[in-house]
Undergrad: 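Can you read through this structure? Questions will come right after.
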Amino acid sequence: MTTAMLVSILMTLIAASTPLLLASLGELVAEKAGVLNLGVEGMMLCGAVAGFAVAFSTGSTGFGLVAAAFAGVAAAMIFAVLALSLMANQVATGLALTIFGIGTSSLIGAGFVGRTVTRLQPVFPAALSEHPLLRVIFGHDILVYLSLALVAAVSFFLRRTRPGLILRAVGENDASAHAIGYPVIAIRYAAVAFGGALAGLGGAYFSLALTPMWADRLTAGRGWIALALVVFSAWKPGRLLLGAYLFGAVMTLELQAKAAGVSWLAPEVLAMAPYLATIAVLTMMSLGRRTGRLDAPACLGKPFSAT
Amino acid sequence: MLEWRRRREPSTLMLALSPLIAIGLTMLLGMIVFTAMGYDGFHAVGSIFLTPFLEPQRWADIGVKGAPLILIALGLAVGFRANVWNIGAEGQYVMGAIAGTGVALLTYDMTGWWILPAMVLAGILGGMAWAAIPAFLRVKLQVSEILTSLMLTYVAVQLLYFLVRGPWKDPGGFNFPQTRMFTADQTLPMVLEGSLVHLGIPVALLLAIIAWLLMEKTTAGYAIKVVGLAPAAARHGGFSAARTTWATMLISGALAGLAGLFEAAGPFGQLTPQFPVGYGFTAIIVAFLGRLNPLGIVFGGIVLAATYVGGEIAQSTVRLPQAATGMFQAMLLFMLLATDVLVRWRIVWKRRTA
């Protein structure tokens, strides 16, 4: 294998991993606060379509990203009102959000099918970003660096800061956190909003960076894989990074095999790979552990009311 | 000021009333949202929700679309009651159709009354087998059935694509990715001659009544509810959570598989890549709209089927894209979840005290 090929494969891998990393990192924070939001796929699609629509009409990819983050937050707020304020079942509400995101994105996107926008550009000047070798490090767009920086930031926030500690307390024991005087619901709202913003950006990565052309349901279930990654990570940002890049590798393999035209393997079988890999990984996680419920926050998915 | 008070007991009145309130609110919200998006919101909602019921020639279509929704939702509701979240019904639906089609292709040059029952059996087993995977992983390894059942949906759909583009492609089909058309012995008989009403519709209604009897009048149904509501009490009462997971997953897989086979051997008459239309996901809304009660699910299935039929009407009357139907259905589920709060809580007016 030539160096050029290796560089190109690494570039694909990093690009494929980034939306997964963004979306799952957001979900990790929400789950750390005790909220199970299964609507990741829906929030990603809302972000994807909002990002595309704004980038298409303003001509600015930057505005598109901002819009995507806002759309993700807006979608997350629907979830928050229902699941946190009205104490609806979180599983059902998350599912509803995903169904909503699929419908809304394809309704808004109906006028954009097949349209293209300018792809999200690399951050660094061409001398670095197009260098045959150095582009592995310098050839990426803003979201790649942002996602990596956020892994470090979230890890630091959760482990080393007081607000991070409070957020974890809310997820581990909401009743105690409330008794001490922390605003459980408000903190959960904030965590869900953060999750929505990152899911929105993750979705926009599909419509603005990976394939800057609108297509229906372009996230193709990656939101669900992001949810599985949080389980895989045992709710640790560092392991989440590993998991996201592992899945990026699986998808890159799929793309490479497709491009190389591996004839004995049907393309449909290759397309199954990420989903089968997810099941395999979830199973291995369970096999590898013998005690407790993985390391899930104790109050994950349970509604909380102060009265 | 207004204050929420927790009810001592869930309100049975609100339990029955809140789906209707939710439907009303969804219609209102739909008008606002569709108008804001530049469509004729008033007529859009009218087309989606009212026209299908007002025009008798649409009723058969409501039945055709309602039958799979009711069948799948019946199974899902049993699981949801026990806190078993099978959200991969779409995959089990597709696998049921694939298994049934397998039998159809094997018996292509045969005739006999036994062929359709064999396909039905294969469809049921196909759905059950696909549901057995998440059941096994949940019971033996505590892997969340939510994620595994959903992942398997994507796998099933890819398998369908593979089969219709490859080994099962109709040799006389001009290279279109689809199987042969089923023969007369492989197709569901019509209940009303010259209409769309196939055997699957009365079967769905009959199964709803059977499911209601099972859930309300037998110990097994009681056990499922107890496991969902109070797992600890269920353990003390000798009801096994593992057995409940197995039973509910297999039942929902079987019903989804049956629905898939009915759809393949009924309206489709073959397998094509367009086969998965999302009934497995919409059935989740049906289950909630029906309050997880089998008879309520018949009502929920009819309402959601009407939105499909009405969505098609709205495409021609107010040029609303088909995707609007999905958004509308999701809004209905949001409203249902929101109005659910009225079952457990009541609003009281309290004077502010110093």
Side-chain angles (χ1 to χ4, degrees), chain A residues 36 38 41-42 78-79 81-83 85-89 91-111 216 220-221 224-225 227-228 231 266-280 282-287 289 293-294 296 305 307, chain B residues 3-6 33-34 37 80 83 85 87 133-134 137 140-144 146-148 150-163 165-166 278 281-282 284-285 287-288 320-342 344-345:
Chain A
L36 179 66
L38 293 182
E41 176 85 355
I78 301 176
F79 173 89
V81 168
L82 291 170
S85 296
L86 298 178
M87 284 167 291
N89 180 302
V91 174
T93 312
L95 280 172
L97 186 57
T98 290
I99 299 174
F100 177 77
I102 292 172
T104 309
S105 65
S106 82
L107 181 59
I108 296 175
D216 235 18
W224 295 101
I225 293 182
L227 277 162
V231 180
E268 292 87 0
V269 177
L270 287 169
M272 290 176 191
Y275 309 108
L276 289 173
T278 308
I279 297 173
L282 288 172
T283 308
M284 281 189 295
M285 285 298 296
S286 288
L287 282 175
R289 133 207 85 91
R293 289 194 49 207
L294 298 160
S305 84
T307 50
Chain B
E3 202 183 77
W4 291 100
R5 289 267 180 82
R6 193 188 282 274
V33 170
F34 292 145
M37 293 178 86
F80 292 172
N83 250 328
W85 295 95
I87 59 170
I133 301 169
L137 292 173
K140 293 289 168 197
L141 301 165
Q142 285 91 47
V143 181
S144 157
I146 299 175
L147 292 171
T148 48
L150 192 98
M151 291 293 141
L152 286 169
T153 296
Y154 289 95
V155 176
V157 170
Q158 290 298 332
L159 182 65
L160 170 77
Y161 290 166
F162 170 73
L163 290 171
R165 285 174 193 159
F281 296 108
T282 310
I284 296 170
I285 306 177
F288 278 102
L320 197 68
Q322 198 194 355
T325 311
M327 186 180 157
F328 200 67
Q329 292 171 345
M331 288 198 296
L332 180 59
L333 183 48
F334 280 147
M335 287 301 156
L336 270 169
L337 293 166
T339 50
D340 222 17
V341 75
L342 297 170
R344 287 164 292 131
W345 298 74

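First the proteins, then the strands, lettered A, B, ... as listed; each starts at 1.
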Undergrad: Under 4.5 Å between any side-chain heavy atoms of B/I87 and A/W224, yes or no?
TA: yes
Undergrad: Could you check if a side-chain atom of A/I108 sits within less than 4.5 angstrom of a side-chain atom of B/M37, using non-hydrogen atoms only?
TA: yes
Undergrad: If you tally heavy-atom pairs under 4.5 Å against chain B, which of A/A110, A/G42, A/S105, A/A92 wins?
TA: A/A92
Undergrad: I need the residue from A/L227, A/V269, A/L107 with the largest number of non-hydrogen atom pairs under 4.5 Å to chain B.
TA: A/L107
Undergrad: Go through the atoms of A/L97 and report whether side chain, backbone, both or neither lie under 4.5 Å from a heavy atom of chain B.
TA: both
Undergrad: Let's go through A/L86 and B/L337 carefully: what are the C-alpha distance in whole Å and the side-chain angles of both, what is the deciding distance for side-chain contact (heavy atoms from CB on, under 4.5 Å) to 0.1 Å, and is it a yes or a no?
TA: CA-CA 8 Å; A/L86 298 178; B/L337 293 166; over 6 Å; no
Undergrad: At a heavy-atom separation under 4.5 Å, does A/A83 approach chain B through its side chain, its backbone, both, or neither?
TA: neither
Undergrad: Closest heavy-atom contact between B/L141 and A/L287?
TA: CD2-CD2, 3.5 Å
Undergrad: Taking every non-hydrogen pair under 4.5 Å, which of A/T98, A/I78, A/V91 racks up the most with chain B?
TA: A/V91
Undergrad: Could you tell me if the side chain of B/L137 sits less than 4.5 Å from the side chain of A/I279, heavy atoms only?
TA: yes
Undergrad: Using non-hydrogen atoms only, which part of A/I225 is less than 4.5 Å away from chain B: side chain, backbone, both, or neither?
TA: both
Undergrad: So for A/T278, is it side chain, backbone, both, or neither that comes closer than 4.5 Å to the heavy atoms of chain B?
TA: side chain
Undergrad: Is there a side-chain contact between A/N89 and B/W85, using heavy atoms and a 4.5 Å cut-off?
TA: yes
Undergrad: Sort out for me which of B/L147, B/L159, B/L152 touches chain A most, counting heavy-atom pairs under 4.5 Å.
TA: B/L147
Undergrad: Going by atom type alone, with no hydrogens or angles, which donor-acceptor pairs under 3.5 Å involve a side-chain atom of residues 322-335 of chain B and a protein atom two or more places apart or on another chain?
TA:
residue: B/T325; atom: OG1; partner: B/Q322; partner atom: O; Å: 3.1
residue: B/Q329; atom: NE2; partner: B/T307; partner atom: OG1; Å: 3.0

Undergrad: Quick check: closest heavy atoms across A/E268 and B/Y161, and the distance to 0.1 Å?
TA: CG-CB, 3.7 Å
Undergrad: Between A/L282 and chain B, with a heavy-atom cut-off of 4.5 Å, which part of the residue counts as in contact: side chain, backbone, both or neither?
TA: both
